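Since the model is a prediction, treat every value here as computed from it, not as a measurement. Below, chain A is the first sequence line, B the second, and so on; all start at residue 1.
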Protein chains: 2
Amino acid sequence: MNKATLTRLNILQKSFELVYKNGYQATSIDDIIATMKVTKGAFFYHFKSKDEMGLAMVKEVMRPGMYDTLIIPLVAAEDPLTAIYEMMEGLLSDTLFFDARYGCPAMSMIAEMASVNESFREELGFQVKQWQEAMSSSLENGRKKGIVKQEVHPGQVALFLTSGYAGIRNTGKVFGREVYDVYLKELKIYLEQLRCD
Amino acid sequence: MNKATLTRLNILQKSFELVYKNGYQATSIDDIIATMKVTKGAFFYHFKSKDEMGLAMVKEVMRPGMYDTLIIPLVAAEDPLTAIYEMMEGLLSDTLFFDARYGCPAMSMIAEMASVNESFREELGFQVKQWQEAMSSSLENGRKKGIVKQEVHPGQVALFLTSGYAGIRNTGKVFGREVYDVYLKELKIYLEQLRCD
DNA sequence: CATAAAACATACTAATTAGTATCTTATGAA
DNA sequence: TTCATAAGATACTAATTAGTATGTTTTATG
């Protein structure tokens, strides 16, 4: 990894952190370069425009992050219902970096940018769809193994679940992380009701 | 209603429409006054700042709108489960004004402004809580009447439902209104499972 | 009608924005 | 070492922003 690509990645990483806390449009290029040892010349050497940087950020920082936390844990899951619950629990308790106040990076980005920038919408849509499909095939798998009820519609449930997650992250912005626990309780009930008796 | 308070309300109404489509921070005062027959003098006569206008907009335009569509239909409901489903169906099929592309005005506002402006967060929190409480007492009522299962936790379910709605509106921003129908199908299953056998 | 205050209009300001023009310095291959 | 290019630095620009200063017009009330 040479120095140049490192500054590039640093810009993307730092931008992600700022965008996560302040929103994409509210984060100016001046903000970004001010919080790190980079000048405007460097920024515009690596990216033609703010939006090009933003898209690279979504693709190169957010996508791998989502893949590791949202896809990987599902593919090898023995019991999809438990795996999904534990994933949600993990997502909603990881206060290391993510903050209830700022919600989910991807969902916030969707809320702000989906109708503003078509490329952003496409890429974020791809990522959400990936998550849904991972859940869906995990549930389908559980159905074949006799863990999940036959009448369950995996794709439908996956949409219900991913949307529910997006929603609770939004709700958490208003009421704080206490709502996470209440949500998780009801989620568990919902998921268990999908399980074969 | 005298002329002055009418211009005030016009500013609030027009602002709401612009904010709904473009977001709060992306909507400039110049945008607002340009799309209607009002000048900057009038704007700043009625409001000390953009944020004061924004808060008035949330309180005086959004709050009554939410009350009429989210609270009223629940208080007199005979069967809460059917009432809730039909409310959701109504919310997700009303293409008169609301557009899947732009999501739910209140939820989008929360996503963008909850962590930026404390007053906005408070007021929007109040409105969401009102909705949750209306659902909760409606469910509690149904439980007493033997419509809703005894083991159901009304407040917990209310949070689950309102968050789910917020989530599907966000998802709709990415994939369009088709996801609404899929969501509604799973919602119906979820709600029916709360009903006494 | 007179007049004071309310309601609005116009022209500005200072700060911030994305982006550019032009420079300097670092790096790697011959 | 040389030198071309990659990488980065600096100083600008034009547009947009929220907000202000200072005007003019409308409206209600005596």
On the 0 to 90° scale, with breaks at 30° and 60°, tag the B:Tyr190-B:Phe160 ring pair as parallel, tilted or perpendicular.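 B:Tyr190 and B:Phe160: tilted rings.
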Which class fits the ring pair A:Tyr20 and A:Phe16: parallel under 30°, tilted 30 to 60°, perpendicular over 60°?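 Geometry flag for A:Phe16 against A:Tyr20: parallel rings.
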For A:Asp31 and for A:Lys48, find the nucleotide of DNA chain C with the closest heavy atom, then tell me which residue's nucleotide is more 5'.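 In this pair, the answer is A:Asp31.
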Any B:Asp30 side-chain heavy atom under 4.5 Å of B:Lys40 side chain: yes
Phosphate oxygens OP1/OP2 of [N]: is one of them under 4.0 Å from a side-chain N or O of [X]?
{"X": "A:Thr39", "N": "D:dG8", "answer": "no"}
{"X": "A:His46", "N": "D:dG8", "answer": "yes"}
{"X": "A:Ser28", "N": "C:dT17", "answer": "yes"}

Mind calculating the distance between [atom1] ([X]) and [atom2] ([N]) to the nearest angstrom?
{"X": "A:Tyr45", "N": "C:dT25", "atom1": "OH", "atom2": "P", "value": "18 Å"}
{"X": "A:Asn22", "N": "C:dT16", "atom1": "CG", "atom2": "C1'", "value": "15 Å"}
{"X": "B:Asn2", "N": "C:dA7", "atom1": "CG", "atom2": "P", "value": "7 Å"}
{"X": "A:Glu52", "N": "C:dG19", "atom1": "CD", "atom2": "C1'", "value": "13 Å"}
{"X": "A:Tyr24", "N": "C:dT17", "atom1": "OH", "atom2": "C1'", "value": "13 Å"}
{"X": "B:Lys50", "N": "D:dT16", "atom1": "NZ", "atom2": "C1'", "value": "12 Å"}
{"X": "A:Ile29", "N": "C:dT17", "atom1": "CD1", "atom2": "C1'", "value": "8 Å"}
{"X": "B:Leu6", "N": "C:dA6", "atom1": "CG", "atom2": "C1'", "value": "16 Å"}

Would you call A:Asp99-A:Lys21 a salt bridge at under 4.0 Å N-O?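 Not counted as a salt bridge, because no side-chain N and carboxylate O are separated by less than 4.0 Å.
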When you check the gap from the basic side-chain N to the acidic O, do A:Arg8 and A:Glu60 get nearer than 4.0 Å? yes
Residue mapping more 5' on DNA chain D - nearest nucleotide basis, A:Thr7 or B:Phe44: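 Residue closer to the 5' terminus by nearest nucleotide: A:Thr7.
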What I want to check is whether an N or O donor and acceptor connect the side chain of A:Lys40 with the base of C:dG19 at under 3.5 Å.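 When only heavy-atom distances are counted, A:Lys40 does reach the base of C:dG19 through a donor-acceptor pair under 3.5 Å.
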